Enquirer: 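Let me give you the structure first, and then I'll get to my questions.
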Amino acid sequence: MIPVCEPTLDGNELKYVVDCMHTGWISSGGKYVKRFEEDFAKFVGLKHGISNSNGTTALHLAVEALGIGEGDEVIVPDFTMMAVPNSVFYAGATPITIDSESETWNMDPDLIEERITDKTKAIIVAHVYGHPADMAKIMAIAKKHNLKVIEDCAEVHGATYDGKMCGTFGDIACFSFYGNKIISTGEGGMCLTNDDALAEEMRKLKNHYFGNPRFLHDKLGYNYRMTNIHAAIGVAQVEYADKLIQSRIDNAQLYSKLLAPLDFFNLPACRDNVKNVYWMYGITIKDTSKISKEDFMTRLKEKGVDTRSFFYPVSMQNSYKRLVDSELIRDAPVAKQLYERGFYLPSGGSLTNEQIETVVEKITEVIDEL
Ligand SMILES: *Cc1c(COP(=O)(O)O)cnc(C)c1O
């Protein structure tokens with residue numbers, strides 16, 4: 001079976017983790033946490049790094065640090081991982097979803113303004129599958145309506161828009177380092193910001209909002225700390241981040257070259273002004289084909305190729321039925337179409353060219369069988 005994604009652990013990961021064991025620093029104390037925060041912030045080009053237990057807690061921290069809560073609305077993409085709208089809910093606010101552009105699958109900026117009300121406080125931009133969202137348009141809208149912007153960069157480590165790193169456009173950038181993300185710590189996350197006050201607030205929120213005296217808390221805090229062991233893996237990963245990113249891009253280039261002649265799928269886009277890092281190599285079956293994506297994925301699995309479905313849109317989630325019924329969350333025809341026809345192929349950074357060629361061979365066999 002060719003797996004859909006495996007972590008690459010080719011650097012100093014083991015050495016640094018063993019160091020944690022030898023020194024006894026296995027909790028969130030210890031030198032690697034600070035080092036990972038500094039190294040990763042530097043890699044993206046922002047001043048402060050606030051490490052987190054995962055990408056979801058990073059989003060929740062960002063939303064709360066911006067003072068968003070009950071009665072507020074936050075604009076989010078309809079086509080994304082559910083941690084994005086959920087983080088808004090955790091803070092007591094309401095997520096308002098926006099359909100995708102059909103070309104890049106990202107939140108369509110032309111649909112944002114009609115959903116802005118006097119309750120809207122922020123936009124969470126979650127760049128999809130490696131391709132940056134249209135930040136020029138989104139930032140112009142945010143500025144015009146005085147909205148905060150959180151960039152969810154879980155899927156775009158190292159991607160750029162107009163030559164600038166994703167994460168450097170908004171007020172806070174959130175990253176996940178889950179096992180399948182380009183830079184990974186197994187589980188982990190980070191918030192980045194240039195704003196000193198926001199950084200301080202997030203540091204307090206993630207650590208119980210300890211006060212002075214220590215056990216007197218001025219606000220409701222959380223324990224979202226990252227362990228030194230996870231940070232040790234992260235430090236090692238940042239040392240060869242460029243290589244981890246390039247391997248995703250190389251995978252994608254080979255896939256696109258081999259799949260284009262089949263004329264069966266829509267392949268991932270790459271606009272002129274962006275660097276797509278192809279976190280996952282996603283494709284959609286063209287409208288002209290009658291086969292369902294489930295059928296296609298099952299046939300590939302029988303031939304030893306693992307794939308994953310695209311996200312269920314927020315507007316189709318059972319857990320969001322109440323909001324859908326209230327029409328706060330509207331139908332999103334593009335996101336629905338992406339879900340119905342889209343899945344991603346094995347995309348890990350350690351994938352060999354031979355494996356990619358095998359995947360395309362198996363795909364060709366499935367198409368020939370139809
Ligand atoms: C993976 C992911 C998350 C969640 O990260 P976890 O570390 O799994 O909590 C959030 N947003 C997006 C866009 C993601 O892809």
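Source: prediction; values computed, not measured. In each ligand, atom 1 is the first atom listed, and ligand 1 is the first ligand listed. Numbering starts at 1 and runs along the sequence shown.
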Enquirer: May I have the list of side-chain donor-acceptor pairs in residues 171-183 shorter than 3.5 Å, sequence neighbours left out?
Expert:
residue	atom	partner	partner atom	Å
Asp171	OD2	Val149	N	2.8
Ser176	OG	Tyr178	N	3.1

Enquirer: Do you see a donor-acceptor pair shorter than 3.5 Å between the side chains of Tyr312 and Tyr339?
Expert: yes
Enquirer: Any idea which atoms of ligand 1 are less than 4.0 Å away from a heavy-atom of Thr56?
Expert: 4 (C), 5 (O), 6 (P), 9 (O)
Enquirer: Taking distance alone, with no angle check, do Phe311 and ligand 1 share an N/O pair under 3.5 Å?
Expert: no
Enquirer: Tell me the protein heavy atom at minimum distance from atom 10 (C) of ligand 1, and give that distance in Å.
Expert: Asp152 OD2, 3.5 Å
Enquirer: Using the ring of each side chain (for Trp, its six-membered ring), is Phe79 parallel, tilted or perpendicular to Tyr129, with breaks at 30° and 60°?
Expert: perpendicular
Enquirer: Tell me whether Ser176 has any N or O atom under 3.5 angstrom from an N or O of ligand 1.
Expert: yes
Enquirer: Between Glu103 and Arg271, is the closest basic N to carboxylate O distance under 4.0 Å?
Expert: yes
Enquirer: Please work out which of Glu187, Glu155, His127 has its closest non-hydrogen atom nearest to atom 15 (O) of ligand 1.
Expert: Glu155
Enquirer: Could you identify the single nearest non-hydrogen protein atom to atom 2 (C) of ligand 1 and state the distance to 0.1 Å?
Expert: Lys181 NZ, 2.6 Å
Enquirer: Do Arg35's NZ or CZ and the ring of Tyr16 fall within the cation-pi criteria of under 6.0 Å and 45°?
Expert: yes
